[in-house]
Asker: 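Quick one: structure below, then a few questions.
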Amino acid sequence: MPGSAGHLTPCPAPGPEHASVRGVSYFDAASAAPLHPVAREALLASLDEGWADPARPYREGRRARLLLDAAREAAAEAVGCRPDELVFTPSGTQAVHSAMSGTLAARRRVGRHLVHSAVEHSSVLHAAAAHEAAGGTVTEVGVDRTGRVAAGDLAAALRPDTALAALQSANHEVGTEQPVEEAATACREAEVPLLVDAAQSLPWGPVGGAWSLLTGSAHKWGGPPGVGLLVVRKGTRFAPQGPQDERESGRVPGFGNLPAVVAAAASLRAVQAEAAAEGARLRELVDRIRARVAAAVPDTEVVGDPLRRLPHVVTFSCLYVDGETLLHELDRAGFAVSSGSSCTSSTLTPSHVLRAMGVLSEGNVRVSLPTGTAEADVDRFLAVLPEAVRSVREQLGAPVAAEPKTTGPETAGPVVDALGKRCPLPVIELAKVIGDVPVGATLTVLADDEAARLDIPAWCEMRGQEYVGERPAERGAAYVVRRRV
């Protein structure tokens with residue numbers, strides 16, 4: 001917080017009311033955290049003190065420059081880098097795009113090969129697609145069912161012509177932490193720079209390891225939107241792309257939003273100071289959600305690594321549930337959550353993260369608790385959720401009774417026509433029919449919804465059935481399931 005020009009002073013820690021937005025229990029901090037009280041105070045103070053151009057030599061410009069320098073020093077301390085390695089950008093997405101384009105251009109003579117994990121943020125995937133369209137090559141490294149990359153797999157993907165590798169510090173959808181330190185060691189041995197998207201993890205502390213580039217986004221830690229940061233460590237070859245000027249080491253052109261930058265740096269330092277105590281408290285609440293959801297809501301899969309994860313994020317998927325409808329039900333009950341289900345996306349395809357993990361996508365809910373979340377709000381959510389899921393399943397005509405067990409020869413059974421039906425209807429139709437198929441026999445589901453490719457195998461795993469495979473069909477695809485129980 002600005003006190004006198006050039007100094008950042010602390011403010012009181014937030015109370016439980018910080019997690020409440022207009023009477024709603026806001027559980028979507030991974031998308032955007034509510035504005036931290038420290039950020040609000042710093043922003044308001046900086047509007048009076050930091051409005052001038054920090055590049056100008058007169059008094060107001062010098063005062064603005066002192067604020068900018070203090071913000072940079074505070075942010076660099078929070079990140080664990082030198083102040084002259086860090087610049088502020090208009091967004092976390094622009095920071096990622098600048099990091100990738102600048103490094104790939106600078107290392108063009110080495111090669112044009114890019115490596116990234118399958119669960120990176122869309123900003124990385126979009127930049128990778130642009131790189132590939134321009135003639136570069138891309139290797140996507142897969143993840144296990146918890147969403148975690150094996151450091152050895154990433155190391156194996158590196159080649160003599162690899163110009164850059166990208167690995168997030170923690171996943172934005174399921175909270176799984178990635179082996180950044182091991183990956184950074186492998187990259188250093190191969191002389192390949194590693195870019196770390198640390199947007200989700202920076203509120204909880206610096207990212208360890210010998211990474212080369214790092215990005216973050218202020219609205220993820222309770223700073224104002226419209227501020228990102230980009231760190232390029234000394235010794236990393238980097239060539240900023242596009243027109244340049246004298247600001248931000250030539251890496252970010254234009255007159256920056258100094259009050260927002262000051263607020264972002266002040267709030268980052270504040271949330272990290274609270275991280276140990278608040279992280280432990282939120283982890284206990286998330287553990288409660290993980291245990292209670294699995295016990296109280298039938299046919300639900302809690303996804304992500306149960307231990308190596310962010311303290312405030314939990315994601316689960318519910319069979320026979322339309323994600324968009326469930327989110328509306330929870331919103332009416334006073335809870336703001338998000339989803340990676342295809343039913344809630346404009347593309348009508350499941351989240352690329354859930355798809356890469358191979359887990360159920362239908363009825364997906366991500367709960368990400370902001371700083372100050374009250375225990376009573378979590379308990380109320382757990383009380384409301386089972387009825388909300390039951391109501392959605394009832395609306396969709398989902399099966400509620402266990403299938404009768406019969407035996408018979410291993411023969412081909414009925415064909416379920418789910419063409420033209422969106423998730424979760426293909427799986428619901430499958431569940432309704434499976435009880436009429438003798439144990440050992442198969443049935444076929446015809447579906448043209450992309451989510452079926454993920455959700456039918458996931459349903460089989462959850463219900464003890466055998467997923468035989470997929471074959472082409474005149475429309476969509478034919479998914480073959482063998483009844484085992």
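Here the structure is a predicted model, which is why all the values come from computation and not from measurement.
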Asker: Has the side chain of D197 got a donor or acceptor atom that lies under 3.5 Å from a matching backbone atom of L167?
Answerer: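 Side chain of D197 to backbone of L167, a donor-acceptor pair under 3.5 Å: no, none is there.
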Asker: Under the rule for side chain to side chain contact (heavy atoms under 4.5 Å, CB included), what residues qualify as partners of T103, not counting sequence neighbours?
Answerer: R107, L164, P193, L213, F238
Asker: Suppose the criterion is ring-ring contact (aromatic ring centres under 6.0 Å, His included): which pairs have a residue in residues 354-393, not counting sequence neighbours?
Answerer: F27-F381, F335-F381
Asker: Give me each pair satisfying ring-ring contact (aromatic ring centres under 6.0 Å, His included) with a member in residues 66-109, each pair once, sequence neighbours excluded.
Answerer: none
Asker: Would you find a donor on one side and an acceptor on the other, under 3.5 Å apart, between the side chain of W221 and the backbone of Q272?
Answerer: no
Asker: Give me the atom names and distance for the closest heavy-atom approach of A163 to L104.
Answerer: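 Residues A163 and L104, closest heavy atoms: CB-CD2, 3.8 Å.
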Asker: Please list, chain by chain and in numerical order, all residues satisfying ring pair (Phe, Tyr, Trp, His ring centres under 6.0 Å) with W204, sequence neighbours excluded.
Answerer: H312
Asker: Take atom CD of E77 as the centre, draw a 6.0 Å sphere, and report whether it contains more than 12 heavy atoms from other residues, nucleotides or ligands.
Answerer: no
Asker: Taking all non-hydrogen atoms of both residues, which atom of L258 and which atom of A64 are closest, and how far apart?
Answerer: CD2-O, 3.4 Å
Asker: Looking at every non-hydrogen atom in both residues, tell me the closest pair between P83 and R72 and how far apart they are.
Answerer: O-CD, 3.0 Å
Asker: For a 4.5 angstrom cut-off between non-hydrogen side-chain atoms, does W211 reach T236?
Answerer: no
Asker: Salt bridge (charged side-chain N to carboxylate O under 4.0 Å, His left out) between R288 and E375: does it pass, once the steps are laid out?
Answerer: CA-CA 10 Å; R288 184 182 306 179; E375 182 178 359; 2.8 Å; yes
Asker: Applying salt bridge (charged side-chain N to carboxylate O under 4.0 Å, His left out), can you list everything that pairs with R332, at least two apart in sequence or on another chain?
Answerer: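 Only E329 meet the salt bridge (charged side-chain N to carboxylate O under 4.0 Å, His left out) criterion with R332.
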Asker: Give a yes or no answer on whether the side chain of R62 reaches the backbone of P57 with a donor-acceptor pair at less than 3.5 Å.
Answerer: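 Yes: the side chain of R62 pairs with the backbone of P57.
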Asker: Salt-bridged, D69 to R65, with N to O below 4.0 Å?
Answerer: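 Answer for the salt bridge query: yes.
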Asker: How close do V337 and L327 get, counting heavy atoms only, and between which atoms?
Answerer: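 Closest approach of V337 to L327: O-CD2, 3.8 Å.
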Asker: Quick test of your reading: applying side chain to side chain donor-acceptor pair (under 3.5 Å), list the pairs with at least one residue in residues 177-189, sequence neighbours left out, ordered by first then second residue.
Answerer: none
Asker: Sequence neighbours excluded, which residues qualify as salt bridge (charged side-chain N to carboxylate O under 4.0 Å, His left out) partners of R290?
Answerer: none
Asker: Within a reach of under 6.0 Å around CD of E387, are more than 12 heavy atoms found that belong to other residues, nucleotides or ligands?
Answerer: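 Buried by this count: over 12 neighbours within 6.0 Å.
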Asker: Would you please test E60 and R63 for salt bridge (charged side-chain N to carboxylate O under 4.0 Å, His left out) and show each step?
Answerer: CA-CA 5 Å; E60 290 82 0; R63 182 183 295 126; 5.4 Å; no
Asker: Quick one: ring-ring contact (aromatic ring centres under 6.0 Å, His included) pairs with a partner in residues 167-187, sequence neighbours left out?
Answerer: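 The answer is H121-H172.
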Asker: Pairs in or reaching into residues 126-154: which pass salt bridge (Lys or Arg N to Asp or Glu O under 4.0 Å), with residues at least two apart or in two chains?
Answerer: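 Listed once each, the pairs are R145-E301, R145-E461.
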Asker: Kindly check if the number of other-residue, nucleotide or ligand heavy atoms within 6.0 Å of CD (E191) is above 12?
Answerer: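 Not buried by this count: 12 neighbours or fewer within 6.0 Å.
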Asker: Within the 3.5 Å criterion, strictly below it, is a donor on S338 or D28 matched to an acceptor on the partner's side chain?
Answerer: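 On atom types as modelled, these side chains qualify, holding a pair under 3.5 Å.
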Asker: Give the minimum heavy-atom separation between A356 and A118, together with the two atoms involved.
Answerer: CB-CB, 3.8 Å
Asker: Does R309 reach the main-chain N or O of G175 with its side chain, forming a donor-acceptor pair under 3.5 Å?
Answerer: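 Flag not set: sc R309 to bb G175 has no pair under 3.5 Å.
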Asker: Do we see a donor-acceptor contact under 3.5 Å between the side chains of Q94 and T89?
Answerer: no
Asker: Hey, is the main chain of E85 close enough, under 3.5 Å, to the side chain of K234 for a donor-acceptor pair?
Answerer: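 Not at all, since once roles are kept as given, no pair shorter than 3.5 Å links the two residues.
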Asker: Could you give all pairs that pass the ring-ring contact (aromatic ring centres under 6.0 Å, His included) test and reach residues 129-156, with sequence neighbours left out?
Answerer: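 Residue pairs with at least one partner in residues 129-156: there are none.
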Asker: With sequence neighbours excluded, tell me which residues meet salt bridge (charged side-chain N to carboxylate O under 4.0 Å, His left out) with R393.
Answerer: none
Asker: Please lay out, stage by stage, how H36 and S267 fare under the test side-chain hydrogen bond (donor to acceptor under 3.5 Å, both in side chains).
Answerer: CA-CA 6 Å; H36 195 285; S267 58; over 6 Å; no
Asker: Please enumerate all residues that pass salt bridge (charged side-chain N to carboxylate O under 4.0 Å, His left out) together with R159, with sequence neighbours excluded.
Answerer: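 Counting only residues at least two positions away or on another chain, R159 forms a salt bridge (charged side-chain N to carboxylate O under 4.0 Å, His left out) with D161.
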